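All of these numbers come straight from a predicted model, not from anything done at the bench.
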Amino acid sequence: RLQQWKRDIQGIVRDERHEKRNSDKIANKEKTLADLAARIKQIEALMKRQAEVVAATEAARSEGIQGLGQIVGQQASVRAETASVADAIATQAGDATKPSESTSPEPDSENASVTANSARPPEPAEVPLKQAIEQQHAAENSLQKGKGKAAQENEQAALEELQRALKELG
């Protein structure tokens, strides 16, 4: 019975933290809008970089494995930047652990993979960014194996997730 009360109280505290964060956002409208504008610019820059990687992969497919191997670093760089943005969003939302360090991703469930580390609801753009990271990682693996078509498909899927993240913020 005490365990049930403990869980109930923890749930109430979690809900109160979420409500307080939302109240703080409303109270400090200028900062919230500035943060939102910064996130939008970051995601737009990520979309541009990801589109460049897609184009580079398409061009390098004709060169074979050697050409694809050169793109792995570019894709890894874009993935690291995407993870940085996703981590910043999660940290701003109050997570202690970063979503890019998640140990048990569940890519098929819409919100389960983001909320696995915490019981808070995902912030706008958080889920698509996490899915973009997963696609970018899959693209890196495909590039390393010399699978140009598969890599390009993963890169395009990552670009679509970045577009979805931007749409959620806008």
Report task. Find the distance between CD (Glu153) and OG (Ser142) and round it off to the nearest 0.5 Å. Result -> 9.0 Å
Report summary line: When every non-hydrogen atom of Ala86 is compared with those of Ile133, the smallest separation belongs to CB-CD1, 4.0 Å
Query - Heavy-atom side-chain proximity of Gln152 to Gln156 below 4.5 angstrom - result: no
Query raised in the report: Do Val54 and Leu143 share a hydrophobic cluster (ILVMFWY, side-chain heavy atoms under 4.5 Å, transitive)?
Result: no
Query raised in the report: Ignoring hydrogens and geometry, is there a side-chain-to-backbone donor-acceptor pair from Glu168 to Ala125 under 3.5 Å?
Result: yes
Requested in this report: Report the distance from atom CD1 of Ile89 to atom CG of Leu169, rounding to the nearest 0.5 Å.
Outcome: 6.0 Å
Requested in this report: Please check if any side-chain donor atom of Gln10 sits under 3.5 Å from a side-chain acceptor atom of Arg7, or the reverse.
Outcome: no
Query - Point-to-point distance, once rounded to the nearest 0.5 Å, from OG1 of Thr82 to CD of Gln75 - result: 8.0 Å
Requested in this report: State whether the side chain of Glu126 and the backbone N or O of Glu123 hold a donor-acceptor pair below 3.5 Å, judged by distance alone.
Outcome: yes
Side-chain donor-acceptor pairs under 3.5 Å in residues 36-45, sequence neighbours left out?
unit_1	atom_1	unit_2	atom_2	d
Arg39	NH1	Gln42	OE1	3.1
Arg39	NH2	Gln92	OE1	3.3

Query - Within-4.5 Å side-chain heavy-atom neighbours: Met47 and Leu166 - result: yes
Query - Side chain proximity check, Leu46 to Arg49, heavy atoms < 4.5 angstrom - result: no
Query raised in the report: Which heavy-atom pair separates Gln136 from Ala158 by the least distance, and what is that distance?
Result: CG-CB, 3.6 Å
Query raised in the report: For the atom pair NZ (Lys6) and CD (Gln3), what is the distance rounded to the nearest 0.5 Å?
Result: 5.5 Å
Requested in this report: Check the pair Val85, Glu81 against side chain to side chain contact (heavy atoms under 4.5 Å, CB included), reporting the backbone distance first and the verdict last.
Outcome: CA-CA 6 Å; Val85 172; Glu81 290 177 32; 5.8 Å; no
Report task. Check whether any side-chain N or O of Thr91 sits under 3.5 Å from a backbone N or O of Asp87 as a donor-acceptor pair, and report yes or no. Result -> yes
Query raised in the report: Quick check: are there more than 12 heavy atoms from other residues, nucleotides or ligands sitting under 6.0 Å from CD of Glu58?
Result: no
Query raised in the report: Just by distance, do the side chain of Thr57 and the backbone of Val53 share a donor-acceptor pair under 3.5 Å?
Result: yes
Query raised in the report: Rounded to the nearest 0.5 Å, how far apart are CD of Gln135 and CD of Gln50?
Result: 9.5 Å
Query raised in the report: Is Gln131 close to Arg164 at the side-chain level, that is, under 4.5 Å between some pair of heavy atoms?
Result: yes
Query - Validation row: Arg61, Leu68 side chains within 4.5 angstrom (heavy atoms) - result: yes
